[in-house]
There are 2 protein chains.
Amino acid sequence: MQKIHNLSKNQKIIFDLIDKSGGPMKAYSILFNVQKKGIKAPLQVYRALDKLVEIGKIHKIESRNAFIACQNSSCQVSKATAFSICESCENVSEISNSKLSKYLSNFSDNSGMKYSKYNLEFFGLCKKCKSK
Amino acid sequence: MQKIHNLSKNQKIIFDLIDKSGGPMKAYSILFNVQKKGIKAPLQVYRALDKLVEIGKIHKIESRNAFIACQNSSCQVSKATAFSICESCENVSEISNSKLSKYLSNFSDNSGMKYSKYNLEFFGLCKKCKSK
DNA sequence: TAACAGTATGTAATAATATAACATTTACAA
DNA sequence: TTGTAAATGTTATATTATTACATACTGTTA
């Protein structure tokens with residue numbers, strides 16, 4: 001059961017922008033794009049991003065300092081995320097592979113640590129860039 | 001066969017500092033610590049860090065913007081890295097688990113992408129913090 | 001409806017992280 | 001000894017993110 005979050009005005013503006021872009025967006029590029037809608041300051045963007053990440057509507061691509069809309073309704077509130085990143089064209093997509101997510105969610109070792117969350121980033125060349 | 005890299009003066013100073021610290025260090029904290037050794041500017045630090053990452057002597061913890069000495073001679077030149085991060089005390093350690101690394105190195109899906117590299121970060125509470 | 005609590009917003013300033021551009025020097029193989 | 005790649009030094013600046021403080025909105029409950 002996915003909890004329904006009613007997005008606030010700024011959250012909605014920013015989520016819609018990222019979602020429509022279809023790819024990762026950086027915070028200051030988001031800021032630039034929403035200035036015409038009245039969002040003027042970095043903090044307004046970061047606050048909305050924080051909330052959207054918290055509720056799982058977007059994810060942060062840590063190695064790129066960028067944010068992408070969640071494409072996978074089953075990755076509940078961003079506790080288990082995996083991405084593939086093309087090092088040539090910087091295309092990013094979310095991997096939804098149930099074997100992989102099961103394997104990682106159940107992973108444990110002898111460190112005594114209880115893992116509650118993970119983020120995985122794969123790098124390589126996408127189909128297009130490979131054939132160039 | 002591990003290639004031997006002779007570290008330059010700055011690279012050695014910075015690697016030794018990170019290695020001795022035993023944990024992740026941030027770039028500007030490194031800078032502060034090596035100023036007495038004549039390294040005065042951020043760029044000198046970042047250049048050494050870039051090189052050390054490239055040759056696999058250190059890894060970047062992406063979610064923390066921090067750098068840690070490689071504790072695992074088998075993770076050749078940082079192509080396959082996994083870390084566990086305590087969200088309470090921020091302790092970080094490198095996971096060396098051959099099953100995990102085999103599983104991830106061999107991972108492929110139907111995206112047509114060839115993965116040549118990955119970075120995985122697990123989050124949770126370490127033994128100490130769990131028992132508080 | 002009034003009072004309250006929690007969430008969201010607005011604004012300015014600043015902190016923290018990282019790179020560009022350019023000049024010079026060192027290491028070392030041809 | 002000369003050519004070349006790597007490393008260094010320095011200044012300035014770009015990029016990413018947070019602190020601090022004031023105000024407003026939303027929904028609950030007394």
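Residue numbering restarts at 1 for every chain, and letters A, B, ... go by the order of the sequence lines.
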Side-chain N or O of A:Asn10 closer than 4.0 Å to phosphate OP1/OP2 of C:dG10: yes
Sugar-phosphate only, base, or nothing, as touched by A:Lys60 at under 4.0 Å among non-hydrogen atoms: sugar-phosphate
Closest to side chain of A:Gln44, choosing from C:dA8, C:dT11, C:dA18: C:dT11
Residue-phosphate contact under 4.0 Å: A:Asn65 side-chain N/O, D:dA17 OP1/OP2: yes
Audit row: B:Lys99, A:Phe107, side chain to side chain contact (heavy atoms under 4.5 Å, CB included) steps and yes/no: CA-CA 10 Å; B:Lys99 273 190 188 170; A:Phe107 179 79; over 6 Å; no
Minimum-distance nucleotide (side-chain atoms of B:Leu43 versus D:dA17, C:dT19, D:dA20): C:dT19
Interatomic distance where CD belongs to A:Gln11 and P belongs to C:dT7 [whole Å]: 11 Å
Separation of atom CZ in A:Phe32 from atom P in D:dA14, rounded to whole Å: 16 Å
Minimum-distance nucleotide (side-chain atoms of A:Lys51 versus D:dT8, C:dA8, D:dT11): C:dA8
Distance-only donor-acceptor test (3.5 Å): side chain A:Tyr28, base D:dA17: yes
From A:Ile95 atom CD1 to B:Met113 atom CE, the distance as rounded to the nearest 0.5 Å: 8.0 Å
Residue closer to the 5' end of DNA chain D, B:Gly38 versus B:Pro42 (nearest nucleotide): B:Gly38
Contact under 4.0 Å: B:Lys40 side-chain N or O vs D:dG9 OP1/OP2: no
Backbone of B:Glu62 reached by a side-chain donor or acceptor of B:Glu121 within 3.5 Å: yes
Modelled atom types, side-chain donor and acceptor of A:Asn10 and A:Ser8, under 3.5 Å: no
Value in whole Å for how far the C1' atom of D:dA7 lies from CD1 of B:Ile39: 12 Å
Spacing between A:Gln35 atom CD and C:dG10 atom P, to the nearest angstrom: 13 Å
Rounded distance (Å) that lies between atom P of C:dA8 and atom NZ of A:Lys12: 15 Å
Phosphate OP1/OP2 of C:dT7: any A:Ser8 side-chain N/O under 4.0 Å: no
B:Glu87/A:Lys117 salt bridge by N-O under 4.0 Å criterion: yes
B:Leu7 CG - C:dA27 P separation (whole Å): 14 Å
B:Tyr46 side chain near C:dA18 phosphate (N/O to OP1/OP2, under 4.0 Å): yes
Integer-rounded Å distance: D:dA14 C1' and A:Lys26 NZ: 11 Å
5'-most by nearest nucleotide on DNA chain C - B:Phe67 or A:Lys9: A:Lys9
A:Leu31 CG to D:dT16 P, straight-line distance once rounded to whole Å: 11 Å
